Undergrad: 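Below you will find the structure I want to go over with you.
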Amino acid sequence: MNKLESPELIRTVHDGLQIHFDRSWLEDWQARMDKNGPWDSWTMYQLAVEAEKSALIGNFDELQCLAHTTQLVPMPHQIDTAKKVLYEMRGRAILADEVGLGKTIEAGLILKEYMVRGLVRKALILVPASLVLQWVRELNQKFGIPAAAQKKEYMWTSCDIIVASMDTAKRDPHRSIVMQQEYDMLIVDEAHKLKNKKTTNYQFVNELRKKYCLLLTATPIQNDMSELYNLITLLKPGHLGGQGSFQSNFVVDKRVPKNEDQLQEELSKIMIRNRRSDGGISFTKRQVNNILLTLSPEEQKLYEGVTDFVKGRYYEAGGNLSGILSLVTLQREVCSSRDAVFVSLVNLFKKTAEDSPDRAKIWELVETIRGIQANTKAEKAIEILQEIGDKAIIFTEYRASQEYLLKFLKDHGISAVPYRGGMNRGKKDWMMDLFRNRAQVLVATEAGGEGINLQFCNHIINFDLPWNPMRVEQRIGRVHRLGQSKDVRIFNLSTKGTIEEHILSLLHEKINMFELVIGELDVILERMDKKNSLESDLMKLALESKDDNEFRSKIDEWGQSISTIREEVEKEIAPMISVLNGMNGTVVEQAGGRG
């Protein structure tokens with residue numbers, strides 16, 4: 001009879017079931033006790049104990065991922081949101097926090113928690129193309145999640161955590177590959193773009209195979225109640241009943257809800273909306289400084305010459321804007337810098353036929369540029385930088401203006417680095433590090449208005465302003481966001497007696513964009529864009545005005561129409577927003593508003 005079959009090691013239980021006990025270790029242990037050794041290393045023993053402790057879950061209701069995110073200190077409302085999605089919503093939720101409260105951080109916490117618990121291995125994150133690198137960077141650095149930006153076809157299958165743009169993923173040949181995958185978690189940023197069931201975006205996301213799903217949007221309702229229904233149906237079909245049932249139970253008019261208490265209860269089961277209006281987090285103020293500059297006589301002469309040339313070509317084209325779109329840019333470039341318009345004029349000269357009368361006019365403008373020695377805006381930018389004595393971002397729309405500013409700042413003893421589209425990710429990260437640790441100024445083209453977080457800086461100089469308010473807001477949003485500890489100062493440079501002066505007046509006084517929340521601005525621009533784009537409308541106004549006074553008058557009329565749209569939007573969406581804001585959720589204070 002071997003040791004395991006020894007009577008003392010066998011216990012017989014009910015129905016003859018035998019349990020065997022292996023005590024072979026006992027004799028060896030007793031011998032070591034008698035001889036006081038040999039023992040294993042005390043250090044190795046301590047490490048073994050620590051390893052066992054780390055594997056234990058003391059409280060299953062606590063987030064395990066917090067021990068693995070040492071580069072991040074989440075806000076209380078972000079932790080609460082992650083817990084609610086994990087324990088109450090079973091990994092399917094709409095994160096509908098107001099702008100700036102950190103929906104990306106909440107999504108990262110949730111993804112990390114599911115990964116730590118072994119419930120998620122493969123995840124797909126669909127975001128706007130301009131935000132792909134930002135998502136990858138935040139997941140890598142803050143959460144230690146090995147996310148990769150999709151660049152090649154093979155990455156769909158070889159990378160477990162992949163970040164891609166919606167437009168790329170839904171387009172062949174990528175679509176067929178993505179549809180074959182089974183994702184443990186799907187995250188969609190800017191999810192309000194899925195509001196229409198008939199769009200390819202909606203249908204694509206609906207067909208993806210996913211276990212858990214997070215939809216991120218600050219504006220789950222923009223125009224009518226059906227948008228909210230579509231989002232929730234995408235996430236959890238049947239949660240609000242069928243379309244007819246939803247309409248009869250919760251909708252009076254397409255923008256007016258009914259049975260609000262019941263609707264809020266149903267929404268709170270699948271949506272979380274944290275707000276700024278109360279709580280423990282402070283948002284700093286915005287201090288907007290609009291600076292109107294008088295051009296030098298030489299600069300003014302160039303501006304008037306370019307304006308006359310562009311208007312002449314416009315009327316020659318029979319008022320066809322599309323035919324001279326590139327020429328209209330000349331007016332905007334000349335307001336930025338002589339360098340920006342010089343490059344465009346030289347290129348235009350090369351493309352113009354030798355027998356064209358325009359050729360002489362263009363060369364005359366080029367000769368005018370040669371006589372300009374000063375740059376009024378650049379000199380004012382130096383004055384501002386010297387006054388603040390701190391880090392600042394200078395935004396310009398034009399590469400030539402960026403190059404000029406970098407040299408101009410260097411000549412005045414101010415350290416500056418560039419940031420622009422076309423730089424690879426490594427170089428962009430390098431520029432960010434230099435700006436954070438060494439340089440006083442970051443000179444950024446429009447690429448700097450998207451996808452980077454710069455809360456360590458609180459000064460922005462808009463060297464030239466985009467005509468699209470959303471792009472201005474994107475610039476400001478790089479520094480005015482959760483984590484910014486100082487008031488943000490914005491310096492808008494514009495030139496008197498030029499198209500810039502009127503655009504700034506429109507943005508600041510008529511649209512009042514510096515005070516709007518971005519969700520409201522979204523809706524206003526969407527209503528306006530149904531006929532023409534904002535920029536096209538502005539171009540036509542500028543070209544068809546006989547003089548400065550007429551242009552000013554037209555801008556005032558156009559601004560009034562925008563104000564009317566804004567009032568309509570605020571009135572229409574108020575009942576729907578009231579339903580969202582009435583849900584139970586953490587409420588976060590915005591101290592002082594956007595002053």
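From a predicted model like this one, the values you see are computed outputs, not experimental measurements.
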Undergrad: Among L215, I232, L240, L231, which residue meets the side-chain contact (heavy atoms from CB on, under 4.5 Å) test with I270?
TA: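 Of L215, I232, L240, L231, side-chain contact (heavy atoms from CB on, under 4.5 Å) with I270 is met by I232 alone.
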Undergrad: For the side-chain contact (heavy atoms from CB on, under 4.5 Å) test, which of I388, D390, D487, I490 pairs with N458?
TA: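 Testing N458 for a side-chain contact (heavy atoms from CB on, under 4.5 Å) against I388, D390, D487, I490 leaves exactly one candidate, D390.
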Undergrad: So that I can tick it off, tell me whether R175 and E207 are bridged by a salt bridge, with the cut-off set at under 4.0 angstrom between side-chain N and carboxylate O.
TA: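 Yes, charged N to carboxylate O under 4.0 Å.
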Undergrad: Carefully, step by step, assess M185 and I110 under the rule side-chain contact (heavy atoms from CB on, under 4.5 Å).
TA: CA-CA 10 Å; M185 179 172 284; I110 295 164; 4.0 Å; yes
Undergrad: Is a side-chain N or O of N206 found less than 3.5 angstrom from the main chain of Y202, in a donor-acceptor match?
TA: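 Not confirmed, N206 side chain does not pair with Y202 backbone.
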Undergrad: Taking C-beta and beyond as the side chain, do K84 and M89 meet within less than 4.5 Å on heavy atoms?
TA: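 A side-chain contact exists here, since the closest heavy-atom pair is under 4.5 Å.
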Undergrad: Quick one: list whatever passes side-chain contact (heavy atoms from CB on, under 4.5 Å) with F456, sequence neighbours left out.
TA: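 Only K391, F435, R436, L454 meet the side-chain contact (heavy atoms from CB on, under 4.5 Å) criterion with F456.
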Undergrad: Quick one: does I105's side chain get under 4.5 Å of E138's, heavy atoms only?
TA: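 Yes, side chains in contact.
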Undergrad: State which residue, out of Q181, H174, Q180, fulfils the side-chain hydrogen bond (donor to acceptor under 3.5 Å, both in side chains) condition with W156.
TA: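 Of the listed residues Q181, H174, Q180, the side-chain hydrogen bond (donor to acceptor under 3.5 Å, both in side chains) partner of W156 is H174.
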Undergrad: Would you say that L228 contacts L267 through its side chain, given a criterion of any heavy-atom pair below 4.5 Å between the two side chains?
TA: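 Yes - at least one pair of side-chain heavy atoms lies under 4.5 Å apart.
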Undergrad: Kindly list each side-chain donor-acceptor pair under 3.5 angstrom involving residues 393-400, sequence neighbours excluded, with atom names and distances?
TA:
unit_1	atom_1	unit_2	atom_2	d
T396	OG1	Y398	N	3.3
T396	OG1	D464	OD2	2.8
E397	OE1	R471	NH2	2.6
E397	OE2	R332	NH2	3.1
R399	NE	E403	OE2	3.2

Undergrad: State whether R121 and D160 are salt-bridged, where the test is any N-O pair (Lys NZ or Arg NE/NH1/NH2 against Asp/Glu carboxylate O) under 4.0 Å.
TA: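 Result for this pair is yes, salt bridge flagged.
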Undergrad: Under 3.5 Å, is there a donor-acceptor pair between the side chain of H77 and the main chain of L101?
TA: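 Confirmed, H77 side chain pairs with L101 backbone.
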Undergrad: When you measure from the side chain of S158 to the backbone of Y154, do you find a donor-acceptor pair of N or O atoms at a distance under 3.5 Å?
TA: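 Checked: pair present.
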Undergrad: For the atom pair OG (S41) and CH2 (W39), what is the distance rounded to the nearest 0.5 Å?
TA: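 It comes to 14.0 Å.
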Undergrad: Supply the atom-to-atom distance D172 CG to I177 CD1, rounded to the nearest 0.5 angstrom.
TA: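 Atom-to-atom, D172:CG and I177:CD1 are 9.5 Å apart.
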Undergrad: In this structure, which one of E227, H192, K195, M271 forms a side-chain contact (heavy atoms from CB on, under 4.5 Å) with P220?
TA: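 The side-chain contact (heavy atoms from CB on, under 4.5 Å) with P220 is passed solely by M271 among E227, H192, K195, M271.
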Undergrad: When you measure from the side chain of R92 to the backbone N and O of K211, does any donor-acceptor pair fall under 3.5 Å?
TA: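 Between the backbone of K211 and the side chain of R92 there is a qualifying donor-acceptor contact (under 3.5 Å).
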Undergrad: Mind checking the CE-CG spacing from M423 to D429? Nearest 0.5 Å is all I need.
TA: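 It comes to 11.5 Å.
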Undergrad: Quick one: does any side-chain atom of R273 pair with a main-chain N or O of A218 as donor and acceptor, under 3.5 Å?
TA: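 The answer is yes, because a donor-acceptor pair under 3.5 Å joins these two groups.
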Undergrad: So does E88 pair up with K269, basic N to acidic O under 4.0 Å?
TA: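 The answer is no: the pair does not qualify as a salt bridge.
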Undergrad: Test your reading of the model: is there a side-chain donor-acceptor pair from Q484 to the backbone of C457, 3.5 Å cut-off?
TA: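 Yes; judged by distance alone, with no hydrogens or angles, the pair exists.
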Undergrad: Would you say the side-chain atoms of K112 pair up with the backbone N or O of F143, donor to acceptor, closer than 3.5 Å?
TA: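 Flag set: sc K112 to bb F143 pair under 3.5 Å.
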Undergrad: Assess whether salt bridge (Lys or Arg N to Asp or Glu O under 4.0 Å) is satisfied between D28 and R32, documenting all intermediate values.
TA: CA-CA 6 Å; D28 180 57; R32 286 203 230 181; 3.2 Å; yes
Undergrad: So does K407 pair up with D411, basic N to acidic O under 4.0 Å?
TA: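 Salt bridge flag = yes for D411 with K407.
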Undergrad: Side chain of N290, backbone of N492: donor and acceptor closer than 3.5 Å?
TA: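 No; judged by distance alone, with no hydrogens or angles, the pair does not exist.
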Undergrad: Return yes if some donor-acceptor pair links the side-chain N/O of S415 with the main-chain N/O of Q440 below 3.5 Å, else return no.
TA: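 Checked: pair present.
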Undergrad: Within a strict 4.5 Å, meaning less than it, do heavy atoms of the L434 and M431 side chains meet?
TA: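 Yes, their side chains come closer than 4.5 Å.
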Undergrad: Using modelled atom types and a 3.5 Å cut-off, is there a donor and acceptor pairing between side-chain atoms of Q203 and backbone atoms of N201?
TA: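 Checked: no pair found.
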